[in-house]
Protein chains: 2
Amino acid sequence: MRISELSSRSGVSVTTIKYYLREGLLPPGRQTAATQAEYDDQHLRRLRLIRALTGVRGLSVSTTREVLDALAEYTGDTHRLLGLALGSIRVGEVPSGDASQAAEVQALVEELHWDVHASAPARTTLAETLASLRALGVPLDWRTLLPYARLAERTAALDLDQLEGLDDPLEAAERALLLTVLLEPALMALRRMAQENESARRHTS
Amino acid sequence: MRISELSSRSGVSVTTIKYYLREGLLPPGRQTAATQAEYDDQHLRRLRLIRALTGVRGLSVSTTREVLDALAEYTGDTHRLLGLALGSIRVGEVPSGDASQAAEVQALVEELHWDVHASAPARTTLAETLASLRALGVPLDWRTLLPYARLAERTAALDLDQLEGLDDPLEAAERALLLTVLLEPALMALRRMAQENESARRHTS
DNA sequence: AATATTGGATACCTCTACTATCTATGTTAG
DNA sequence: CTAACATAGATAGTAGAGGTATCCAATATT
């Protein structure tokens, strides 16, 4: 298919597709002539993935490129993909110097006997959030976080269950990406609804 | 205190503070003369809150204003604050027309007997995420989401526990805000770490 | 009195994510 | 076979977000 068909089938304008090609989010099509290239279903799929990551999850174009690069690099090694590629996504702010709460995070990880890389970006995100909360007068220690971490453990188990039985490594890697990244807004939405429900329950009993 | 002290104590530049004043994120100080105003600890606290919401959580300035307005409006009514004010935060994308997965969400809510307002934005977020996943070949039905929702229920119970025993309504409202919004990156970070751990466990056993 | 600071207003800046235009080439309908 | 239209690639332009810089008149400090 040519670019205009790719555009109409994906709902993304031709100029935007060209922009993604320039930015390296989308691999170039197969050149058939000097001013002609051919695209296939892989491109369409990739394009939809890009729109999901930027639109639903709100990732920036450069972060999306990093994620997609990682996807290509670690396809077939879901463990590395989960540990490294997806870790490259900044959940919160840019990693600044202060890791004043790193000790709390370490205590939590040790208590749970978690096997988590020492340089995992999620550690930094967690430490920074704790530091912010502390500065605002809500000091959470690792003991308070423990029950949350236990629930995260069970959530992660559900996530990994979803990846069982997928033999095609590319498919498995892509699904890992989708479930980890795209499911985040869904899980937060579930939490919001559950909070509303729980609050109603406690206030009307 | 005057604006320069507010600036040095918060680490936010004077010009940025003026910008926040213009944008209505920060209430104006008490005017003592035509070119002089006095700020207090409330302003300092508010400023730190703004930086936490925009920096750690990545909220836009306009969303932050909405959240802070809601905080002022519903102080003393934590239930409404949780249900409405915090619901105003867009977790994902701008609410577009397609709510093709709204039926799945409704089925889930009914199964759980959740008391969630029909117009809760979290419903839309969830429906949209499901629609995106479906378009990408990962159709999740409400049955798959059910165990996730059960865990969300327990997370919400922990959240509400944290609000117990706070008598000052302003403090309770602010803590509700902090725990719901600022804890999100922390919970996602915990999930990432738990995924890495679980993946390592399954691959090395 | 001299110097610095402040509030308020306005203009400007940088970055991101596109969007528009241009040109040289290809394709296709009549 | 030619006129109308599509295409790749390059370059320039745009709108919005989130500040930043400058100016001014009034006020505070020394």
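Throughout, protein chains are lettered first and strands after them, A, B, ... in sequence-line order, and every chain is numbered starting at 1.
- In this model, the phosphate group of D:dT7 is approached by a side-chain N or O of A:Ser4 to a distance below 4.0 Å at OP1 or OP2.
- No hydrogens or angles were tested; on distance alone, a donor-acceptor pair under 3.5 Å links the side chain of B:Arg22 to the base of D:dT20.
- Residue A:Thr54 is out of contact with every strand shown, counting any heavy-atom pair closer than 4.0 Å.
- Distances shorter than 4.0 Å separate some side-chain N or O of A:Tyr20 from OP1 or OP2 on C:dC18.
- We find that CD1 of B:Ile17 is positioned 11 Å from P of D:dT20, with the value rounded to whole Å.
- Following rounding to the nearest Å, A:Ile3 (CD1) and D:dC5 (P) show an atom-to-atom distance of 20 Å.
- One atom, CG of B:Leu6, and another, C1' of C:dT5, lie 15 Å apart when rounded to the nearest Å.
- A:Thr129 and A:Ser132 are not linked by any side-chain donor-acceptor pair at a separation below 3.5 angstrom, with hydrogens and angles left out of the test.
- Following rounding to the nearest Å, B:Leu21 (CG) and C:dT6 (P) show an atom-to-atom distance of 13 Å.
- Here D:dG19 presents its P atom at 12 Å from CG of B:Leu59, a figure rounded to the nearest Å.
- A:Leu49 places none of its side-chain heavy atoms less than 4.5 Å from the side chain of A:Thr64.
- Phosphate proximity of C:dG26 to A:Thr32: absent, as no side-chain N or O sits under 4.0 Å from OP1 or OP2.
- Atoms CD (B:Glu23) and P (D:dG18) sit 9 Å apart, rounded to a whole Å.
- Side-chain contact annotation: B:Trp114 with B:Glu153, donor-acceptor N/O pair under 3.5 Å present.
- Remark: the B:Ser4 side chain and the B:Ser7 side chain contain no N/O donor-acceptor pair separated by less than 3.5 Å.
- Heavy-atom nearest nucleotides on DNA chain D were determined for B:Arg2 and for A:Gln31, and the one closer to the 5' end corresponds to A:Gln31.
- When only modelled atom types and interatomic distance are considered, B:Tyr20 and B:Arg51 share a side-chain donor-acceptor pair under 3.5 Å.
- Each of A:Thr16 and A:Gln36 was matched to the nucleotide of DNA chain C holding its nearest heavy atom; the match closer to the 5' end belongs to A:Thr16.
- The OH-P distance, from B:Tyr39 to C:dT6, rounds to 10 Å in whole Å.
- Out of D:dT20, C:dG8, C:dT25, the shortest distance to the side chain of B:Lys18 is found at C:dG8.
- Between B:Ser13 and the phosphate of D:dT20, there is a side-chain N or O to OP1/OP2 separation shorter than 4.0 Å.
- Across the protein-nucleic acid pair, A:Arg30 atom CZ and D:dA8 atom C1' stand 15 Å apart, rounded to whole Å.
- Mapping B:Arg51 and B:Ala33 onto DNA chain D by nearest heavy atom places B:Arg51 at the nucleotide closer to the 5' end.
- Taking every side-chain heavy atom of A:Tyr19 into account, C:dT19 is the closest of C:dA11, D:dG18, C:dT19.
- No N or O donor and acceptor, one from the side chain of B:Thr15 and one from the base of D:dT20, sit under 3.5 Å apart.
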